[in-house]
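Inspection log for the structure reproduced underneath, given as structure tokens.
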Number of protein chains: 2
Amino acid sequence: MAQTEPASRGAYAKSADTRRAILDAAIVAFGESGLDGASTRTIAAAAGVNQPALNYHFGSKDALYVECARAIVERFAAGTASASGPAIALLGSGERVDPDLALVRLRQLMDALVDTLVANEDAAIWAGFVAREMNAPGDAFAILYDSLWQPGTELAARLIAAARGFADPGDDERLDALMLISNLIAFTNGRRVSKSIMKWQDIGPEQLVAVRRSISRQVDALVAQGN
Amino acid sequence: MAQTEPASRGAYAKSADTRRAILDAAIVAFGESGLDGASTRTIAAAAGVNQPALNYHFGSKDALYVECARAIVERFAAGTASASGPAIALLGSGERVDPDLALVRLRQLMDALVDTLVANEDAAIWAGFVAREMNAPGDAFAILYDSLWQPGTELAARLIAAARGFADPGDDERLDALMLISNLIAFTNGRRVSKSIMKWQDIGPEQLVAVRRSISRQVDALVAQGN
DNA sequence: GTCTATAGTCGGATAGAC
DNA sequence: GTCTATCCGACTATAGAC
């Protein structure tokens with residue numbers, strides 16, 4: 001491999017491997033300790049490179065942080081694409097949506113979220129990153145809001161509306177969507193606490209079944225009560 | 001005022017006012033920026049004292065941080081005492097608990113939580129503090145878990161169990177309690193996001209009604225479905 | 001009890017050899 | 001492209017005057 005990329009874009013004929021190693025280490029460090037808590041030296045050590053390598057590849061610590069946000073969004077989207085895709089297709093068809101089918105899609109979406117966020121240990125790291133940025137918005141807030149929260153809650157709200165037989169979501173559907181999604185936070189950001197409360201050693205297949213059941217009951221209730 | 005306190009305990013015949021000012025400023029700073037993100041200089045400036053005053057009154061930055069956790073627990077407990085008191089009294093009576101009354105107490109508890117956490121702007125600060133500590137446990141984790149999460153979820157779980165006609169809570173009730181409480185996080189840690197999603201300028205009386213209604217529906221569903 | 005001054009450490013970013 | 005060496009600023013904590 002003489003030159004990994006023939007400079008397909010202006011930037012980065014640089015070592016993609018080093019870049020990736022830094023990014024992976026940075027996501028973990030920032031997710032656990034935050035922008036201020038994680039030092040470039042710690043990240044460099046974890047990535048197996050020297051400290052100035054971060055500046056060389058990303059320009060600055062802040063720029064690296066923003067790049068981490070982008071990577072998190074990408075990985076999250078990849079994990080949920082199999083469920084969000086069909087849901088978007090259903091809602092975008094223009095025709096009147098069958099409430100029962102909307103309910104099926106909503107269930108699939110929630111199951112995919114459980115798989116991506118609760119079953120995956122890495123997601124607790126992502127969740128830490130995202131939660132910090134929501135509390136104290138910085139350079140990464142817009143990325144996370146525009147690519148994660150806004151489309152995520154809007155999709156859920158539209159599915160809830162469709163399952164209730166409405167053409168478009170209103171305030172009630174958006175509120176319910178927000179709360180439905182926030183239930184997952186108990187097992188991402190609140191992973192440690194929830195494991196202690198439930199006396200779970202770890203969150204394996206059996207625990208996931210229980211979580212899915214509890215969420216499933218909420219979805220039922222959401223739609224059954226209509227409004 | 002010659003000597004605010006006659007040294008009732010061994011420690012702190014020191015200025016209680018200065019101590020309080022530092023504590024208030026520290027809670028805000030740590031809540032917004034975390035232990036590493038908030039500097040003693042910033043806190044001192046916000047409290048209107050000089051930087052070494054923090055060390056004088058609290059010993060170290062870490063000790064001040066732990067003291068903030070204690071203060072948050074106290075203030076939270078004070079805000080919810082009017083609802084948690086009757087609930088604890090009901091459950092502690094030893095006799096078989098009337099399911100309908102348990103449901104009433106559960107509603108009161110959730111309303112008190114909404115008032116304390118959602119209606120109160122300060123609570124977003126507390127929530128930031130607590131959320132960081134849950135993600136990356138430090139010296140304050142035990143305080144917050146033992147005095148906040150454990151008793152809070154256990155109380156909710158016992159009320160849910162009683163409302164379902166059970167003597168004691170099981171895994172299902174604890175799971176449901178965790179998720180019910182995590183709904184509030186959408187409006188504490190997720191305050192900014194939720195306001196944007198809902199297109200709310202701020203969270204006033206009308207918005208609180210909507211939030212309470214949505215939570216109330218969940219409480220209904222929780223108990224109606226039994227298990 | 002509160003202040004100023006400062007010691008000692010660690011952070012991010014840059015310069016320049018290879 | 002990757003390394004070592006280093007600058008400079010910001011931080012916490014301590015010493016000592018008042």
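Per chain, numbering begins at 1; letters A, B, ... match sequence-line order.
- Contacts classified as side chain to side chain donor-acceptor pair (under 3.5 Å) and involving residues 127-139 of chain B (residues at least two apart or in different chains) are given here: A/Asn189-B/Asn135, B/Tyr65-B/Glu133.
- The CZ-C1' distance, from B/Phe58 to D/dT14, rounds to 18 Å in whole Å.
- The nucleotide whose nearest atom lies closest to any side-chain atom of B/Ser39 is, among D/dC11, D/dT2, C/dT2, D/dC11.
- Using a 4.0 Å heavy-atom cutoff across all strands shown, A/Ala38 reaches sugar-phosphate atoms only and no base atom.
- Heavy-atom nearest nucleotides on DNA chain C were determined for A/Gly59 and for A/Thr42, and the one closer to the 5' end corresponds to A/Thr42.
- Classification of A/Arg212 and A/Asp115 as a salt-bridged pair holds, one side-chain N sitting under 4.0 Å from a carboxylate O.
- For the pair A/Leu54 CG and C/dG11 P, the computed distance is 13 Å after rounding to whole Å.
- Comparing C/dA13, D/dT12, C/dG1 against the side chain of B/Ser15 picks out C/dG1 as the nearest.
- Residues passing the side chain to side chain donor-acceptor pair (under 3.5 Å) test with A/Thr80, sequence neighbours excluded: none.
- With sequence neighbours left out, the salt bridge (charged side-chain N to carboxylate O under 4.0 Å, His left out) criterion links B/Glu74 to no other residue.
- In this structure, NZ of B/Lys61 is placed 8 Å from C1' of D/dC11, rounded to the nearest angstrom.
- Residue B/His57 has a polar side-chain atom (N or O) positioned under 4.0 Å from OP1 or OP2 of C/dT2.
- Residue A/Asn55 has its side chain nearest to C/dT14 when only D/dA13, C/dT14, C/dT2 are considered.
- A sub-4.0 Å separation between OP1 or OP2 of D/dG1 and a side-chain N or O of A/Thr18 is absent.
- B/Arg158 and B/Glu173 are not joined by a salt bridge, as no carboxylate oxygen comes within less than 4.0 angstrom of a charged side-chain nitrogen.
- Note on the helix from C/dG1-D/dC18 to C/dC18-D/dG1: angle between the axes of the first and last five pairs equals 0°, rounded to 10 degrees.
- One interatomic measurement links the two molecules: OH of B/Tyr56 to P of D/dG16, which rounds to 17 Å at whole-angstrom precision.
- Remark: C1' of C/dC10 and CG of A/Asp36 are 14 Å apart, rounded to the nearest angstrom.
- In this view, B/Arg70 satisfies the side chain to side chain donor-acceptor pair (under 3.5 Å) rule with no residue, not counting sequence neighbours.
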Dump the pairs, protein N or O against N or O of nucleotides 3-6 of chain C, anything under 3.5 Å, distances to one decimal.
unit_1 : atom_1 : unit_2  : atom_2 : d
C/dC3  : OP2    : B/Asn50 : ND2    : 2.9
C/dC3  : O5'    : B/Asn50 : ND2    : 2.4

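- A/Tyr65 has its OH atom 14 Å from the P atom of C/dG12, to the nearest Å.
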All N/O donor-acceptor pairs, side-chain side in residues 195-209 of chain A, below 3.5 Å, sequence neighbours left out:
unit_1   : atom_1 : unit_2   : atom_2 : d
A/Ser196 : OG     : A/Arg192 : O      : 3.4
A/Gln207 : OE1    : A/Gly204 : N      : 2.8

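- A straight line from CZ of B/Arg19 to C1' of C/dT2 spans 16 Å, rounded to a whole angstrom.
- Judged as a salt bridge (charged side-chain N to carboxylate O under 4.0 Å, His left out), and not counting sequence neighbours, the contacts of A/Arg20 are A/Asp24.
- The salt bridge (charged side-chain N to carboxylate O under 4.0 Å, His left out) check on A/Arg107 picks up A/Asp220, with sequence neighbours excluded.
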